[in-house]
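Notes follow once the structure below has been shown.
Remember, predicted model here, so these are calculated numbers, not experimental data. Here is how names work: the chains are called A, B, and so on, in the same order as the sequence lines, proteins then strands, and each is numbered from 1.
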There are 2 protein chains.
Amino acid sequence: MSPRNEEQNEAVKDERREQILSAALRAFASRGFAATKIGDIAARAGLSHGLVYHYFKSKEEIFHALLKRAMHTSTQTLIDIEAAPLPPVEKVRQAAKHILESIENFKDSAYYFLIVAHASVMENAAAEYKELLGSSAVSVQAMARILSAGQRSGEIRDGDAVGMAYTFFAALLGLALYKLSARDFKTPDPEILVNMVKK
Amino acid sequence: MSPRNEEQNEAVKDERREQILSAALRAFASRGFAATKIGDIAARAGLSHGLVYHYFKSKEEIFHALLKRAMHTSTQTLIDIEAAPLPPVEKVRQAAKHILESIENFKDSAYYFLIVAHASVMENAAAEYKELLGSSAVSVQAMARILSAGQRSGEIRDGDAVGMAYTFFAALLGLALYKLSARDFKTPDPEILVNMVKK
DNA sequence: GTCTATATCCAGATAGAC
DNA sequence: GTCTATCTGGATATAGAC
């Protein structure tokens, strides 16, 4: 009843939400939306099946919450790298290293990456998530700008910069999927990705 | 009752099976196993929901049949290219061109490619499909051999050939997924992939 | 706030008419 | 061989006890 209790309750409430979201992130990213059962999420989060519905209205709402975070975190990484005072090739290297390292070590950011991919192929949701997914092109556009700058300064190969940017992220997406299907798969040397665009 | 009728029945039976498999290929590859409903497949194939079960014992059996074909067709392509009398770089180029073209034009082979990816991340099925998926490494190994040969002849960059081979296929997998989520996405110039490994 | 038990719904699979 | 109608299981979501 005291204010302190209320604050604690709030803290517990937030903690529970985070537990659920954290469990759901791994589950959705690994198995996709349809194959993920609420029971899976609850078990992973260490709470009862019914309690999930105390914190979220529906399975879909959980996914939506994750997708929002996913869009933010993945675009932010690229925006930060683009703004860094580095030569274009080095920016590409940093991006490749950073993302590959997150995949290799099963960091959240790698799973967010996969959430976006899953959302993209959910055609029924496409309408609903359209605005959110629209910003998924942000990372690609940032990378394309980095590559264009590198082409002007002669460090990056000539050719379609946007196509290269897509291929860069496609490779990372594919590698994340490989890592998921075989946990002992070793992510490759980032330099392989740098070579794709370096002159 | 006449032999001819029996033959015709056989032909019809085969045709129906193919209709179902063809519809299922697109559906499974696009949405994954769990999100694909038998009703979707039946509707796409232009027949009733119940009839699917006249030709296949279960949804899983359909997926399994597709996976078997997928393993065969995708490995065969790389085996053929490896055996061709071409310099290593040219083999890489042919592989990139061939697969990208199949993605761009929504050919079956591109969907088979995705079926394998879906099967790989179905952890419950991993045990059952293990033998089948084991051969999915065949394409990667073939590409790695091509790259190693190119390294010896000086056409291909030094470095981990297996890692390069995985990254090559990872990029193609990612691009196939992009193409699926945005049908007007234009697959990039194959040369971008060749550049990844070319000296 | 948390759990267990229950209702509801949906999709896989079957049965039986034609 | 093909369809429609039905059964059944399992998963989402809710209700109610603690």
Side-chain angles (χ1 to χ4, degrees), chain A residues 1-24 27-28 30-66 118 122-125 128, chain B residues 1-24 26-28 30-67 118 122-125 128:
Chain A
M1 295 289 182
S2 74
R4 186 152 169 274
N5 274 343
E6 278 182 25
E7 278 170 34
Q8 284 181 331
N9 284 343
E10 273 304 304
V12 170
K13 197 176 165 181
D14 277 2
E15 199 192 325
R16 287 277 173 278
R17 273 185 72 93
E18 288 307 315
Q19 279 176 359
I20 293 168
L21 284 174
S22 171
F28 282 135
S30 304
R31 292 177 272 245
F33 181 80
T36 298
K37 287 162 270 185
I38 293 287
D40 297 344
I41 297 172
R44 256 196 206 243
L47 36 81
S48 84
H49 163 185
L51 190 55
V52 174
Y53 287 94
H54 186 73
Y55 292 97
F56 294 92
K57 205 173 95 293
S58 67
K59 175 173 154 179
E60 222 243 318
E61 190 182 275
I62 303 175
F63 189 80
H64 194 258
L66 288 171
H118 280 296
M122 285 166 61
E123 71 279 337
N124 50 342
E128 193 171 347
Chain B
M1 298 286 182
S2 73
R4 185 153 170 272
N5 274 344
E6 278 182 24
E7 280 171 32
Q8 285 182 329
N9 284 344
E10 273 304 304
V12 169
K13 198 176 164 180
D14 277 2
E15 199 191 325
R16 288 275 173 281
R17 273 186 72 94
E18 289 306 315
Q19 278 176 358
I20 294 167
L21 285 173
S22 172
R26 308 272 163 156
F28 281 135
S30 304
R31 292 177 272 247
F33 181 79
T36 298
K37 286 162 271 186
I38 293 288
D40 297 343
I41 298 173
R44 256 197 205 243
L47 36 80
S48 85
H49 165 185
L51 190 55
V52 173
Y53 287 93
H54 187 72
Y55 291 97
F56 293 91
K57 205 173 97 291
S58 66
K59 174 174 154 179
E60 222 243 319
E61 190 182 277
I62 303 175
F63 188 80
H64 194 259
L66 288 172
L67 184 58
H118 280 296
M122 285 166 61
E123 70 279 337
N124 51 343
E128 193 172 347

Worksheet item: When you check every protein heavy atom under 4.0 Å of nucleotides 13-18 of chain C, what one-letter string (B, S, -) results, 5' to 3'?
Response: BB----

Worksheet item: To the nearest Å, how far apart are B:Gln19 CD and D:dG1 P?
Response: 14 Å

Worksheet item: Quick one: which of D:dC3, C:dG1, C:dA11 gets closest to the side chain of A:Tyr55?
Response: C:dG1

Worksheet item: How long is the span from the CD1 atom in B:Ile41 to the CD1 atom in B:Ile20, to the nearest 0.5 Å?
Response: 8.5 Å

Worksheet item: Do B:Thr36 side-chain atoms and B:Arg31 backbone N/O form a donor-acceptor pair below 3.5 Å?
Response: no

Item to complete: Take the protein atom CZ of B:Phe33 and the nucleotide atom C1' of C:dA11, then report the distance between them rounded to whole Å.
Response: 12 Å

Worksheet item: Rounded to whole angstrom units, what separation is found between the CD1 atom of B:Ile41 and the P atom of C:dG12?
Response: 8 Å

Worksheet item: Is the shortest heavy-atom distance from the side chain of A:Phe33 to the side chain of A:His118 under 4.5 Å?
Response: no

Discussion item. With ring pair (Phe, Tyr, Trp, His ring centres under 6.0 Å) as the rule and sequence neighbours excluded, what pairs involving residues 42-62 of chain A come up?
Written reply: none

Discussion item. By the definition side chain to side chain contact (heavy atoms under 4.5 Å, CB included), identify the one residue from A:Arg17, A:Gln19, A:Glu18, A:Lys13 that meets it with A:Glu15.
Written reply: A:Gln19

Worksheet item: So what does A:Phe56 touch, heavy atoms closer than 4.0 Å: a base, only the sugar-phosphate, or nothing?
Response: nothing

Worksheet, complete the sentence: Side-chain contact check for A:Arg16: nearest option of C:dT2, D:dT12, D:dC3 is C:dT2

Worksheet item: Should the ring pair A:Phe63 and A:Phe28 be called parallel, tilted or perpendicular, given that the plane angle runs from 0 to 90° and is split at 30 and 60?
Response: perpendicular

Discussion item. In whole Å, I'd like the distance from the CD1 atom of A:Ile62 to the P atom of D:dA13.
Written reply: 9 Å

Fill in: Protein-nucleotide distance (A:Ile20, atom CD1; D:dT12, atom C1'), rounded to Å
15 Å

Worksheet item: Roughly, in whole Å, what's the span from NE2 in A:His54 to P in C:dA5?
Response: 20 Å

